[in-house]
Amino acid sequence: MLEELKKEVYEANMLLPKYDLVTFTWGNVSGIDRGKGLFVIKPSGVEYDKLKPEDMVVVDLNGRKVEGDYNPSSDTATHVVLYNRFPNIGGVVHTHSSWATSWAQAGRGIPCYGTTHADYLYGEVPCVRNLTKEEIDEAYEKNTGVLIANEFEAHSIDYEAMPAVLCKNHGPFTWGKDANEAVHNAVVLEEVAKMAARCEMIHPQNKPAPQELQDKHYYRKHGAGAYYGQPGK
């Protein structure tokens with residue numbers, strides 16, 4: 001079942017150690033088949049160098065395992081909520097990459113200090129609040145997804161223009177049109193987090209980049225008027 005998607009999700013998961021986004025098994029990638037209402041995700045706690053495409057686990061949009069020899073990632077319930085609440089995404093990534101997680105542990109969003117950030121992430125990367133004790137005890141992973149989706153809705157944040165979030169004292173989630181793009185956004189987020197931290201070390205009173213510069217760089221890559229790269233090719 002979903003053999004091509006399993007291969008795609010496996011390959012996306014293998015990019016996490018390649019780009020130094022995970023230590024040990026601290027991360028997961030999923031990808032969805034919207035037509036079938038099923039997604040594929042990394043199994044929980046299995047070391048990356050032992051994974052095979054056939055080890056990927058198929059899950060439905062209620063969080064039930066449909067196929068697989070292993071248990072799905074412990075973060076599966078978060079992925080379920082994001083797929084249900086963000087209907088245009090096709091892949092989700094969670095890591096504990098060190099620079100992005102440092103901002104999450106500090107409870108701070110990542111300001112847009114430059115054009116590298118603006119090229120991919122429109123505005124400040126949000127950091128959502130801690131879950132309450134009741135939310136943790138009730139359904140920790142599910143409520144993590146609910147908190148992310150509610151935050152984006154409450155603050156009218158476009159989840160396609162801002163495909164990343166930090167969870168306070170936890171770490172980052174990213175998403176994209178498919179599993180590979182979600183990993184790409186995770187790599188971008190980690191680099192942006194690193195540069196922003198260094199920027200504040202060099203100039204603690206630094207201000208975000210001018211809005212007109214942010215707009216120019218984001219919209220030259222995204223939207224109807226985009227002209228970066230080879231449009232139409």
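From a predicted model like this one, the values you see are computed outputs, not experimental measurements.
In this structure, Lys216 places its NZ atom where only 12 or fewer heavy-atom neighbours from other residues, nucleotides or ligands lie under 6.0 Å away. For NE2 of His184, the number of neighbouring non-hydrogen atoms (other residues, nucleotides, ligands) closer than 6.0 Å is 12 at most. Within 6.0 Å of atom OH in Tyr19, 12 or fewer heavy atoms from other residues, nucleotides or ligands are found, so the atom counts as exposed in its surroundings. The environment of NZ in Lys221 is crowded: more than 12 heavy-atom neighbours from other residues, nucleotides or ligands sit within 6.0 Å. Few gaps surround CG on Asn62; more than 12 heavy atoms of other groups in view lie less than 6.0 Å from it.
Here Lys7 pairs with Glu11 under the side-chain hydrogen bond (donor to acceptor under 3.5 Å, both in side chains) rule; sequence neighbours left out. In this view, Asn150 and Arg85 satisfy the side-chain hydrogen bond (donor to acceptor under 3.5 Å, both in side chains) rule, not counting sequence neighbours. With sequence neighbours excluded, no residue forms a ring pair (Phe, Tyr, Trp, His ring centres under 6.0 Å) with Tyr10. In this structure Thr144 satisfies the side-chain hydrogen bond (donor to acceptor under 3.5 Å, both in side chains) test with no other residue, sequence neighbours excluded.
The minimum heavy-atom distance linking Gly91 with Tyr83 is given by the pair CA-OH, 3.4 Å. Taking every heavy atom of both residues into account, Gly109 and Glu124 meet most closely at CA-OE2, 3.6 Å. The nearest pair of heavy atoms linking Ala182 to Gly176 is CB-N, 3.7 Å. Of all non-hydrogen atoms in Lys168 and Gly107, the two that sit nearest each other are CG-CA, 3.8 Å. Closest approach of Ser97 and Thr95 over heavy atoms only: N-OG1, 3.1 Å. For the residue pair Val22 and Gly27, the shortest heavy atom distance occurs at CG1-CA, 3.9 Å.
Side-chain atoms of Met56 and Leu2, non-hydrogen and from C-beta on, never get closer than 4.5 Å to each other. Using a 4.5 Å cut-off on side-chain heavy atoms (C-beta onward), Cys127 and Trp103 make no contact. Using a 4.5 Å cut-off on side-chain heavy atoms (C-beta onward), Lys142 and Val80 make no contact. Side-chain contact between Phe152 and Pro126 is present, with heavy atoms from C-beta onward closer than 4.5 Å. You'll find the side chain of Leu61 reaches within 4.5 Å of the side chain of Ile32, heavy atoms only. Inter-residue side-chain proximity for Gln205 and His203 is flagged as met; some heavy-atom pair is nearer than 4.5 Å. In this structure the side chain of Leu21 reaches within 4.5 angstrom of the side chain of Val187, judged on heavy atoms. Residues His96 and Thr23 are not in side-chain contact: their nearest non-hydrogen atoms beyond the backbone lie 4.5 Å or more apart.
The backbone N or O of Ile89 sits less than 3.5 Å from a side-chain atom of Arg34, completing a donor-acceptor pair. Distance alone, capped at 3.5 Å, is enough to place a donor-acceptor pair between the Asp178 side chain and the Asn180 backbone. Between the side chain of Glu181 and the main chain of Lys177, a donor-acceptor pair closer than 3.5 Å is present. Between the side chain of Asp55 and the main chain of Lys52, a donor-acceptor pair closer than 3.5 Å is present. Between the side chain of Asp60 and the backbone N or O of Leu38 there is no donor-acceptor pair closer than 3.5 Å. With hydrogens and angles disregarded, a donor-acceptor distance shorter than 3.5 Å links the side chain of Glu190 to the backbone of Ala100.
Note: Thr116 OG1 to Leu121 CG = 10.5 Å, rounded to the nearest 0.5 Å. If you take OG1 on Thr78 and CZ on Phe173, they are separated by 4.5 Å, rounding to the nearest 0.5 Å. If you take SG on Cys167 and CD on Gln105, they are separated by 12.5 Å, rounding to the nearest 0.5 Å. To the nearest 0.5 Å, atom CG of residue Asn143 and atom CD of residue Glu138 are 4.5 Å apart.
No side-chain donor-acceptor contact under 3.5 Å links Lys42 and Tyr70. Side-chain polar atoms of Asn28 and Ser73 form a donor-acceptor pair below 3.5 angstrom.
Hydrophobic side-chain contacts under 4.5 Å tie Tyr218 into a cluster, directly or through other members, with Tyr122, Tyr219.
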Only distances under 3.5 Å count here; give the side-chain donor-acceptor pairs of residues 155-165 to other protein atoms, sequence neighbours excluded, each with its distance to 0.1 Å.
{"from": "His155", "atom 1": "NE2", "to": "Glu151", "atom 2": "OE2", "distance (Å)": "3.4"}
{"from": "Asp158", "atom 1": "OD1", "to": "Glu160", "atom 2": "N", "distance (Å)": "2.9"}
{"from": "Asp158", "atom 1": "OD1", "to": "Ala161", "atom 2": "N", "distance (Å)": "3.4"}
{"from": "Tyr159", "atom 1": "OH", "to": "Asn88", "atom 2": "N", "distance (Å)": "3.1"}
{"from": "Tyr159", "atom 1": "OH", "to": "Asn88", "atom 2": "ND2", "distance (Å)": "3.3"}
{"from": "Glu160", "atom 1": "OE1", "to": "Asn88", "atom 2": "ND2", "distance (Å)": "3.2"}

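Under the 4.5 Å side-chain heavy-atom criterion for ILVMFWY residues, a single connected hydrophobic cluster contains both Val188 and Leu16. Hydrophobic clustering, with ILVMFWY side chains joined whenever heavy atoms are under 4.5 angstrom apart, keeps Ile110 apart from Met195. A continuous path of Ile, Leu, Val, Met, Phe, Trp and Tyr side chains, each step under 4.5 Å between heavy atoms, connects Val29 with Leu5, placing both in one hydrophobic cluster. Under the 4.5 Å side-chain contact rule for hydrophobic residues, Val59 and Val40 share a cluster. Criterion: ILVMFWY side-chain heavy atoms under 4.5 Å apart, direct or through other members. Under it, Ile136 and Val128 are part of a common hydrophobic cluster.
Ring pair Trp175/Phe39: centre-to-centre distance not below 6.0 Å.
Among the candidates Glu141, His79, His170, the single residue satisfying the side-chain hydrogen bond (donor to acceptor under 3.5 Å, both in side chains) test with His94 is His170.
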Just do the side chain to side chain contact (heavy atoms under 4.5 Å, CB included) check on Val93 and Asn185 with the steps written out, would you?
CA-CA 9 Å; Val93 174; Asn185 289 332; over 6 Å; no
